[in-house]
Amino acid sequence: QKCGSKSIQEFCKINLPYLQAKGITTLQSTKIKKVDTALMAYAGLPSRIRQMRERFDLPDASDAEVYSAIEESIIAEINACESETICLSYEGLLRLPEDQVARLVGFLKTLTKNLQVLAIVRRQDRQATSGYTTRLLNTRLSGHDLFHDQRGQFVGIDYYEALEHWAKQVRRRNLTVYAFEDLEDVAHTYAPYLGLP
């Protein structure tokens, strides 16, 4: 949260022709705007499932039918593309509970034997402040409590626990973690992560 996700998504969008020439691409079937909303929907987040129902024009579909639509669209798009590397991005993935991480990774593992996860984490005080400014902007959508969300839960992230969920599913060697405060520009870090200048 507030660690440059939009910058990475914009980097991929702006540089897509260059990336594709290097064998790297993004998927369109997973996206709403620049964000791979289908990932959170597939993990089981109700609000994102609703968005994907609209995206696929399936107003009366069950959750299972939405999952199937996501699977089919991703598989079809991957089969039609020539890129060896596919980049997916959504800023809420780090916070998923263990069962939702397992569900999402379980599907992604059916598509590749080389699943790499990049996580960018931030100092808790700055993350909380940044999230608070967003809640002020989204005045009708969220509360204004600095330390608690609308359910009364603490807004901080237990990074160790969250990263352990991912490491357990993808193996620790396939999980790269950067500290946001150490990065001058997330795009300048993301490009070398992809093996690019």
Side-chain angles (χ1 to χ4, degrees), residues 1 3-6 8-9 12 19-20 23-122 149 151 153 156-178 190 193-195:
Q1 185 173 338
C3 292
S5 305
K6 294 286 190 304
I8 288 173
Q9 293 153 7
C12 289
L19 293 173
Q20 288 174 331
I24 302 168
T25 195
T26 60
L27 299 180
Q28 295 309 305
S29 60
T30 55
K31 287 186 176 36
I32 293 179
K33 297 182 180 176
K34 292 177 281 196
V35 182
D36 290 302
T37 303
L39 300 180
M40 290 293 271
Y42 198 88
L45 196 69
S47 60
R48 301 301 173 249
I49 292 171
R50 283 193 297 275
Q51 285 183 294
M52 294 311 292
R53 273 196 192 95
E54 293 174 20
R55 166 86 164 73
F56 290 126
D57 194 23
L58 299 169
D60 301 319
S62 67
D63 290 0
E65 289 169 325
V66 173
Y67 300 149
S68 292
I70 291 169
E71 289 174 5
E72 290 170 15
S73 65
I74 289 175
I75 291 167
E77 191 171 0
I78 288 175
N79 287 339
C81 86
E82 297 178 9
S83 298
E84 292 181 14
T85 300
I86 295 171
C87 300
L88 301 167
S89 172
Y90 192 97
E91 46 269 31
L93 291 171
L94 184 62
R95 300 186 80 141
L96 290 175
E98 187 172 7
D99 62 321
Q100 292 182 342
V101 174
R103 176 181 175 69
L104 177 58
V105 171
F107 169 57
L108 295 176
K109 281 184 173 178
T110 67
L111 306 174
T112 181
K113 292 181 180 176
N114 184 20
L115 183 61
Q116 300 289 320
V117 174
L118 170 65
I120 302 175
V121 299
R122 188 172 200 180
D149 64 18
R151 295 169 293 172
Q153 295 178 328
I157 301 173
D158 182 338
Y159 287 127
Y160 182 81
E161 179 183 63
L163 292 167
E164 278 295 302
H165 295 336
W166 286 93
K168 183 177 177 183
Q169 296 300 320
V170 302
R171 298 186 185 234
R172 196 172 298 272
R173 69 175 178 268
N174 297 320
L175 173 64
T176 301
V177 182
Y178 294 135
Y190 189 59
Y193 173 79
L194 296 176

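Predicted model only: the values in this text are computed from it and were never measured.
Contact check for F56 versus I70: side-chain heavy atoms found under the 4.5 Å cut-off. Taking the side chain as every heavy atom from C-beta outward, L88 and L108 approach each other to under 4.5 Å. Proximity of M52 to I32: side-chain heavy atoms (C-beta onward) are separated by under 4.5 Å at one or more points. Within the 4.5 Å cutoff, no side-chain heavy atoms of L93 are placed close to those of V117. Annotation: side chain of I157 is not in contact with side chain of R122 (no heavy-atom distance under 4.5 Å). Taking 4.5 Å as the limit, some side-chain heavy atom of L118 sits within range of a side-chain heavy atom of Y190. For the pair L115/N174, no side-chain contact is recorded, criterion being any heavy-atom separation below 4.5 Å from C-beta on. Put simply, the side chain of F107 does not reach to within 4.5 Å of the side chain of L39, judged on heavy atoms.
Between C87 and the choices I24, L19, L27, the side chain to side chain contact (heavy atoms under 4.5 Å, CB included) rule is met once, by I24.
Here the side chain of R55 pairs a donor or acceptor atom with the backbone of K31 at under 3.5 angstrom. Using modelled atom types, one side-chain atom of T112 and one backbone atom of N114 make a donor-acceptor pair closer than 3.5 Å.
Put simply, CE on M40 and OG on S47 are 7.5 Å apart, with the number rounded to the nearest 0.5 Å. Between the CD1 atom in I86 and the SG atom in C12 there is a gap of 12.0 Å [rounded to 0.5 Å].
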*Please lay out, stage by stage, how S29 and E77 fare under the test side chain to side chain donor-acceptor pair (under 3.5 Å).*
CA-CA 7 Å; S29 60; E77 191 171 0; 2.7 Å; yes
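Here the shortest heavy-atom pairing between Y193 and T176 reads CE1-OG1, 3.7 Å. In terms of heavy atoms, A162 sits closest to L94 at CB-O, 3.3 Å. Y90 and D36 get closest at one heavy-atom pair: CD1-O, 3.6 Å. A pairwise comparison of heavy atoms in T25 and S83 identifies CB-OG, 3.4 Å as the closest pair.
Other residues, nucleotides and ligands contribute only 12 or fewer heavy atoms inside 6.0 Å of the NZ atom of K168. Remark: Q116 CD is packed, more than 12 non-hydrogen atoms of other residues, nucleotides or ligands lying under 6.0 Å away. The 12-atom threshold is not exceeded at CD of E82, counting heavy atoms of other residues, nucleotides or ligands nearer than 6.0 Å.
Using a 4.0 Å cut-off between charged nitrogen and carboxylate oxygen, E161 and R95 do not count as a salt-bridge pair.
Considering only residues two or more places apart in sequence or on other chains, D63 meets the salt bridge (Lys or Arg N to Asp or Glu O under 4.0 Å) condition with R53. A search for side chain to side chain contact (heavy atoms under 4.5 Å, CB included) contacts involving S68 returns E72, not counting sequence neighbours. With sequence neighbours left out, the side chain to side chain contact (heavy atoms under 4.5 Å, CB included) criterion links K34 to Q9, E10, K13.
Using modelled atom types, one finds no donor on one side chain facing an acceptor on the other under 3.5 Å when comparing R103 with Q100.
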